[in-house]
Amino acid sequence: MAVLTYREALGRAMAEEMARDPKIFLMGEEVAEYNGAYKVSKGLLDKFGPERVIDSPISEGGFAGLGVGAAMVGLRPIIEMMTWNFGIQGFDQIINHAAKMLYMSGGQFTVPIVFRGPNGAAHMLAAQHSQTVEGMLTQVPGLKVVTSCNPADGYGLLKSSIRDNNPVIFLESEMMYAMKGEVDDAEHLIPLGVGSIKREGQHVTLIAWTKMVARAMACAEQLAQEGIECEVIDPRTLRPLDEEMIFNSVRKTHRVVIIEEAYQAASVGSFIAEQIQRVCFDELDAPVMRVANEFVPMPYAENLEHRVLPEPERIIPVIKQVLYMD
Amino acid sequence: MAVLTYREALGRAMAEEMARDPKIFLMGEEVAEYNGAYKVSKGLLDKFGPERVIDSPISEGGFAGLGVGAAMVGLRPIIEMMTWNFGIQGFDQIINHAAKMLYMSGGQFTVPIVFRGPNGAAHMLAAQHSQTVEGMLTQVPGLKVVTSCNPADGYGLLKSSIRDNNPVIFLESEMMYAMKGEVDDAEHLIPLGVGSIKREGQHVTLIAWTKMVARAMACAEQLAQEGIECEVIDPRTLRPLDEEMIFNSVRKTHRVVIIEEAYQAASVGSFIAEQIQRVCFDELDAPVMRVANEFVPMPYAENLEHRVLPEPERIIPVIKQVLYMD
Amino acid sequence: MSPKDHVLGKTGAPKSELPKGNGKSSAAKNSQDKAWLLNVYEEMCYFRRFEERVLQAYTKQKFAGFCHVHIGQEGLCVGVQRALRPTDYMITGYRSHTQAIAKGIAGREVFAELFGKATGCAKGNGGSMHMFSKEKRFLGGHGIVGGQVPLASGVGFAIKYEKKDDIIVCYLGDAAVNQGQFHEALNMAATWNLPCLFIIENNRYGMGTDIKRTTSIDHLWKRALAFDMDHGQVDAMNVVKTYEFVSDVVENMRKTNRPYLLDAICYRYKGHSVSDPGLYRSKEEMAQWMVKDPIIQLGEHLKKSKFATDEELKALDTKGKERARADEDWADEQPPPPDEQVWQNVYAD
Amino acid sequence: MSPKDHVLGKTGAPKSELPKGNGKSSAAKNSQDKAWLLNVYEEMCYFRRFEERVLQAYTKQKFAGFCHVHIGQEGLCVGVQRALRPTDYMITGYRSHTQAIAKGIAGREVFAELFGKATGCAKGNGGSMHMFSKEKRFLGGHGIVGGQVPLASGVGFAIKYEKKDDIIVCYLGDAAVNQGQFHEALNMAATWNLPCLFIIENNRYGMGTDIKRTTSIDHLWKRALAFDMDHGQVDAMNVVKTYEFVSDVVENMRKTNRPYLLDAICYRYKGHSVSDPGLYRSKEEMAQWMVKDPIIQLGEHLKKSKFATDEELKALDTKGKERARADEDWADEQPPPPDEQVWQNVYAD
Ligand SMILES: Cc1ncc(C[n+]2csc(CCOP(=O)(O)OP(=O)(O)O)c2C)c(N)n1
Ligand SMILES: Cc1ncc(C[n+]2csc(CCOP(=O)(O)OP(=O)(O)O)c2C)c(N)n1
Ligand SMILES: [Mg+2]
Ligand SMILES: [Mg+2]
């Protein structure tokens, strides 16, 4: 068991996979000589050389499409989006091309590719640099969407994503790159589609992913003081979604709060809420509640940004509400 | 009362607004000399000349952005996307620029612009030409999202959209352009944010918009034979959303089926379902159900496409299910 | 521009170090060979007749959706194909029927795809805009204008990555040069020396819009200047010239690995798609072009060279007609895809 | 390329009919005027000192987020601004502090914006990357590389639509020329003759990447060749040359309405942003550029022309230093935005 940062765990996953399979290459802005804008690809250029670790021009649509074309003829690209805010420029290639190629071609052309990069707000980066994309990309048949909330999950899930034969959207977070955690020294993979129970509890189910898991855990700790036992579950892969894990937890606690860095709008959380009320209708003792961002573009000022994101002071009252403690 | 096609009603709305306000111009592919790929802009070039009705290059990102820039300095652009599938190339300008400009600039730069065009499947156009975008764009603070299901609504809502001082996504449908309906000869506007009850009924609420309204009505007629009275409601504007109309109908019928041309994924329907179970938790006699596209890219073959879209034979059993008639 | 401007050289375009299609190349041998020329003639007739049947079938409502045909542009499709190896890759836009056949897909499988049949070259999932064959290295058939261009750069990247000497031909329409993706893809291909032959099917119109109204340049090959990319222009109404020119370009590319932008001047006789009456073009303009018809031009050449008589040419055309009919007849007999296919191939295992 | 290559003319670029910045223009009068030159010198010192204080404040963690400064690039910002009218528009990327001030926004409001204060030029909603002033016609401050370029075409479109003779200056970085949006925007500006002056702040690096590694061209003005767009290159380390050249370009634009692409050669002394140590550049390279420092260059010129002594120049610099301090002091005193502001300006009435 070594203690790695989230960034190191992701870097290790890429290094191991690239050593295993020469068809894998990494392309993106600053990934090579600069070792990555966030240093996730640190050392990969030295290890694998400029043919396999490539600095791209600032052409998100172009190099997303380049990756798709390369994947169609047998390579296995990892495309880094410096952040997913810029990945929106690649949406045409991701949504219209990567996701549909296998189906459009009647099953002839697989597109084994990973699009990875940080997603969501960092700190005081304002409206154009603070967006999440899972709400949009989980809507697209043909795409898989993967998240992780700690180094071990990031490592195991990125390896599985790289080995998957479909386009995988792998969502990271600037706020997590420095997070430390134990990662088994032995190589191991975490299958896509299997969620993880981060904390057991019988009173209420908290559903969260990426950096919201830490917030959910913080709220759980705090409420434990008051004798409230929260079950914290992380679906990890949002497409495919481990619905059984979710339903089972709901059948146990009968109460749910979803915490996500999205909006009170169509989102992965709203979809999960819909599924729960549909499948567990008679099991629910309270409506499925959700704590999300305020429905505003992200403001810059620290006090305003803090007010927009789901913070414990906004989450805890909602948890108490589904427990009818308010 | 004149009978107009949907296409004519939209054209009339644009012509009246352009005559009223010289700051309004129309830009898009084939909108001028060709009179529009779907002839919605028929006659506008003759009426208003090439300065105000402009054929654009095939540069969706570019002319979407051109419209935003022009709107920032006082013009009121109408940008036609030949279809919204191509509009995805303009998502960076729509999501990162149009939607955020007012907020980012601390309230200084309004962006009064309409992005309009057909959305969703037409007939046998396959995966890259059959997508809906409301599930993605209603997620973006700063955007309004407007739909309509008949010529009269299209006319009144497009006029309001053009007069709105925010970026408005106006969603049309190739399948509706030839649809006929009465439109009042007198100018009239329909405010954004106000839904419409298309049919009254006490047994179950059907929620639908755009071409799904006609399908909901067809199902309602059919079920009326069996003595089931469906209430069919059309929110029309998906952002802002007329939640009160929805909740009031649910409080009356206690049963809901949402019919939409989206997927079993994060979607406007999943968001509406979430809101209903949250607000009307004790009012519901059955889970909120939703009939949507199969979660696959749109296939070309007619029999397959038919199987993917929400057709009455898939909708009616679900309605009966929430009525516990199965 | 009038057809006269299209002959090579008059453009002042191709950079000096570029192939001139001057007939001195190995390709020249073929293009003086009778059998080869007759075969080219037959294939062009077949493609013309194939597309005519496609239009009839559409009019008879035997299929629906969009339908874009290549009638008038056969010279480019055939001339380019003859300059390639089977291992070379090809990718194109939504106007893809005859290019797919040229690359080796059976015409009947293309017809079956149009009819949405299970045995179509995309199993009925793709339709007119999305012909595919992995075996023949035909990478589609794409519906988003310009979308295929970055994909082509990716294939070029893979060819270089694998140290092969194949190339990829990427067709795009004249109106696609206004797409940002085109620009990004060409920049990458030029910066990294990817073996991509970008061919602008320059039929001068994007739907109803003359390319002059949406670009500021007189010659589309100028787009290459932004990247110092090798480039040239060819009269694609002349199949022999096209074949020779492209042969030289490709030969050169295999040595240098450098990408190339070819402005191929051609003309579509029909509307953009079946729904387009094409009123934006004058009878005179059409006539001007039809005298340059690739099939007629080659026919005259064959007769002048005493390689064929009118009767023999007629016979080849009839053969093409029959092949096209056979393709459609076969497609008629094919079954539609089974309903289960809806849920297949969304994800790969 | 070595600094020497950057002097005008050596590029062989500017098309003959283009202004030469030959000093014969009306602008030349100013650039020989002592008061004018001293004022330019003072402003450049102020901008340098302003950005230095910004860096200190960031290091002291008085604010967070990204922070991109213009140190070393003052010659372009000031030279361009002097060539404009107050009614001209300006739009830029995320490296926007001093351009905002040059366009007329009070330095203290820029500082307050950095501190996320209610009285910042974007009320604290924007931050370092998003400076705005409707009154001063400064249209931001944008965070998406290349995103501002289509916006600029839109402003140019509006100027033409309203039949005004204003222009819009659109700054973009060298690495932004690889963006598809840039290409689409230039094509529209060239096709429709929109009065847009696109200025590439060519500091040769996009973050840690030498532009040579992501483009295939030696000179970025070549991007204009794809659109037959007027273009040129200027040594932006020389504020006077820049002012004269841009004055001629702008004068010409007001007559012709034609867009223009200017490749402005400059250099940033600091890292891309505060978090970047800038290890990808050699000490030698930095040194080579610092001898061309715009402030030093103008200082030498002022002394040679006997317009100022070292002491007088020092005094001007001190004045700039004090202005910058005053800006920060003012910003320190300002209140943060009220919480209600979170919900304001999401939608306009
Ligand atoms: C991104 C995008 N925008 C718009 C369209 C609609 N559209 C389909 S074909 C076409 C015209 C293309 O013309 P051109 O590139 O010259 O090809 P041609 O049809 O002449 O072969 C347009 C606008 C599209 N398919 N994709
Ligand atoms: C579309 C997009 N991709 C990536 C980024 C991240 N990014 C911010 S600045 C930058 C480098 C830009 O360099 P350049 O255009 O030369 O401007 P400079 O910083 O040198 O002024 C990158 C890659 C972004 N902001 N937007
Ligand atoms: Mg064309
Ligand atoms: Mg730079």
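Here is the naming used below: chain letters follow the sequence lines, and residue numbers restart at 1 for every chain.
- Here the closest heavy-atom approach between residue A/Arg239 and residue B/Ala265 is recorded as NH2-CB, 3.2 Å.
- By number of non-hydrogen pairs under 4.5 angstrom with chain A, the leading residue of B/Cys280, B/Ala273, B/Gly135, B/Ala262 is B/Gly135.
- Contact of the B/Gln128 side chain with the A/His97 side chain is registered, since non-hydrogen atoms from C-beta on lie closer than 4.5 Å.
- With a threshold of 4.5 angstrom between heavy atoms, A/Phe281 approaches chain B through side-chain atoms but not through N, CA, C or O.
- Only the side chain of A/Tyr103 comes within contact range of chain B, with at least one heavy atom under 4.5 Å from a heavy atom of that chain.
- Looking at A/Val140, the atoms closer than 4.5 Å to chain B (heavy atoms on both sides) sit in the backbone and in the side chain alike.
- For a residue to count as touching a neighbouring chain, one of its non-hydrogen atoms must lie under 4.5 Å from one of that chain's; by this rule A/Tyr263 touches chain B with the side chain only.
- Heavy-atom distances place no part of A/Ala126 under 4.5 Å from chain B, backbone and side chain included.
- Side chains of A/Asn96 and B/Gln89: no donor on one and acceptor on the other come within 3.5 Å.
- To the nearest 0.5 Å, the span separating CD on A/Gln264 from CZ on B/Phe271 amounts to 6.0 Å.
- Across B/Thr138, B/Val288, B/Val268, the residue that shares the most heavy-atom pairs under 4.5 angstrom with chain A is B/Val288.
- Atoms CD and CD, on B/Glu134 and A/Gln139 in that order, are 9.0 Å from each other to the nearest 0.5 Å.
- Pairing each heavy atom of B/Pro297 with each of A/Ala99, the nearest pair is CG-O, 4.4 Å.
- When all heavy atoms of A/Ser270 and B/Ser270 are compared, the pair lying nearest together is OG-OG, 3.2 Å.
- Between A/Glu274 and B/Gln277, the closest side-chain pair of non-hydrogen atoms is not below 4.5 Å.
- Looking at A/Leu284, the atoms closer than 4.5 Å to chain B (heavy atoms on both sides) sit in the backbone and in the side chain alike.
- Counting heavy atoms from C-beta on, the side chains of B/Val133 and A/Met136 never come closer than 4.5 Å.
- Considering CD1 of B/Ile88 and CG of A/Asp92, their distance stands at 6.5 Å, rounded to 0.5 Å.
- Interface remark: A/Gln131 contributes side-chain atoms only to the contact with chain B (heavy atom separation under 4.5 Å).
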